[in-house]
Amino acid sequence: MSVLRQSLFAICVVALSFIQPAQAVTPDEILNDPVLEERARDISSGLRCLVCQNQSIDDSDAELAKDLRVLVRQRLVAGDSDSQVVGYIVSRYGEFVLLKPRLSMQTVLLWSMPALFLIIGLTYLLLGARRRRFANTTALLSEREQADLEKVLSSRDDNS
């Protein structure tokens with residue numbers, strides 16, 4: 001029985017080793033020049049499918065993703081550099097199309113907002129607790145004690 005399990009496990013491991021990630025690129029999109037095709041794959045793996053939003057355009061079957069893959073290849077064939085192709089796509093579709101957004105003031109602001117809100121919230125809670133503690137200490141005094149306290153404080157002000 002144990003030999004059977006080991007054999008079955010070995011077969012599964014070998015079968016799983018041949019599985020490749022699904023590529024939605026169709027044969028009619030592939031460029032004849034392998035260098036350009038490799039560049040196109042590198043670029044399109046960093047671009048987000050605007051329909052799926054959690055996949056690159058290389059992995060998506062959506063029509064818009066196919067259009068973007070074709071557009072990337074057309075720009076490469078026209079002689080654009082990788083950064084020019086990405087810049088062209090970003091200029092048409094915005095920064096959201098990038099799977100890894102560029103570091104800019106907007107992204108720094110976006111990523112720092114949770115920490116800023118946490119600091120503001122903690123400050124508000126601490127100041128509120130401090131006010132409540134002070135309000136509670138004065139509320140604990142009787143009217144006579146409050147009058148005595150005011151008398152001591154006023155005599156102290158007169159001496160200064």
Side-chain angles (χ1 to χ4, degrees), residues 1-140:
M1 186 75 167
S2 136
V3 173
L4 180 62
R5 281 187 183 169
Q6 288 176 348
S7 300
L8 187 57
F9 179 74
I11 290 170
C12 288
V13 168
V14 170
L16 289 174
S17 68
F18 288 107
I19 293 177
Q20 300 257 336
Q23 297 283 321
V25 179
T26 57
D28 62 326
E29 296 174 38
I30 297 174
L31 297 172
N32 293 332
D33 184 355
V35 174
L36 281 181
E37 180 60 29
E38 182 64 30
R39 286 177 55 203
R41 295 287 177 114
D42 288 342
I43 293 170
S44 61
S45 67
L47 297 175
R48 179 188 319 273
C49 173
L50 298 170
V51 175
C52 308
Q53 296 187 2
N54 63 344
Q55 289 181 319
S56 71
I57 61 172
D58 228 13
D59 298 330
S60 175
D61 288 330
E63 281 297 316
L64 180 59
K66 179 180 179 173
D67 293 343
L68 287 173
R69 287 191 304 265
V70 169
L71 182 61
V72 166
R73 284 166 174 78
Q74 286 172 348
R75 301 296 296 185
L76 287 173
V77 169
D80 287 0
S81 69
D82 293 2
S83 60
Q84 288 174 323
V85 173
V86 171
Y88 180 77
I89 300 290
V90 168
S91 71
R92 292 185 79 191
Y93 295 97
E95 290 279 331
F96 183 73
V97 77
L98 298 174
L99 280 172
K100 294 180 183 174
R102 299 173 183 156
L103 184 63
S104 67
M105 186 53 116
Q106 290 176 332
T107 55
V108 169
L109 190 62
L110 176 70
W111 286 100
S112 64
M113 277 299 170
L116 183 64
F117 285 141
L118 181 66
I119 291 169
I120 290 171
L122 288 174
T123 304
Y124 177 77
L125 289 175
L126 289 174
L127 291 176
R130 192 171 170 197
R131 273 190 231 115
R132 279 191 301 275
R133 187 171 19 124
F134 180 73
N136 288 342
T137 57
T138 57
L140 295 176

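- For Glu95, the salt bridge (charged side-chain N to carboxylate O under 4.0 Å, His left out) criterion is met by Arg102, not counting sequence neighbours.
- Legend: residues meeting side chain to side chain donor-acceptor pair (under 3.5 Å) with Ser83, ordered by chain and number and at least two apart, are Ser81.
- For Tyr93, the side-chain contact (heavy atoms from CB on, under 4.5 Å) partners are Leu50, Leu64, Leu68, Ile89, Val97, not counting sequence neighbours.
- Partners of Glu38 under the side-chain contact (heavy atoms from CB on, under 4.5 Å) rule, at least two apart in sequence or in another chain, are Asp42.
- Between Ser60 and Arg69, the shortest heavy-atom distance links the atoms O-NH1, 2.9 Å.
- Rounding to the nearest 0.5 angstrom, the gap separating the CZ atom in Arg73 from the CD1 atom in Ile43 is 9.5 Å.
- Side-chain contact check for Val86 versus Leu98: some heavy-atom pair is nearer than 4.5 Å.
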Side-chain donor-acceptor distances from residues 108-124 under 3.5 Å, at least two apart:
from: Ser112; atom 1: OG; to: Val108; atom 2: O; distance (Å): 2.9
from: Ser112; atom 1: OG; to: Leu109; atom 2: O; distance (Å): 3.2
from: Thr123; atom 1: OG1; to: Ile119; atom 2: O; distance (Å): 2.7

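- Residues passing the side-chain contact (heavy atoms from CB on, under 4.5 Å) test with Arg39 are Leu36, Leu76, Asp82, sequence neighbours excluded.
- In this view, Ser45 satisfies the side-chain contact (heavy atoms from CB on, under 4.5 Å) rule with no residue, not counting sequence neighbours.
- Between the CE atom of Met105 and the OG1 atom of Thr107 there is a distance of 9.5 Å, given to the nearest 0.5 Å.
- Ala62 and Val51 make their closest contact through CB-CB, 3.9 Å (heavy atoms, listed as atom of the first residue, atom of the second, distance).
- The line from CD of Glu63 to SG of Cys49 is 10.5 Å long, rounded to the nearest 0.5 Å.
- Taking the side chain to side chain donor-acceptor pair (under 3.5 Å) definition, one finds that Arg75 meets it with Asp80, sequence neighbours left out.
- Looking at heavy atoms from C-beta onward, Leu47 lies out of side-chain contact with Leu99 at the 4.5 angstrom threshold.
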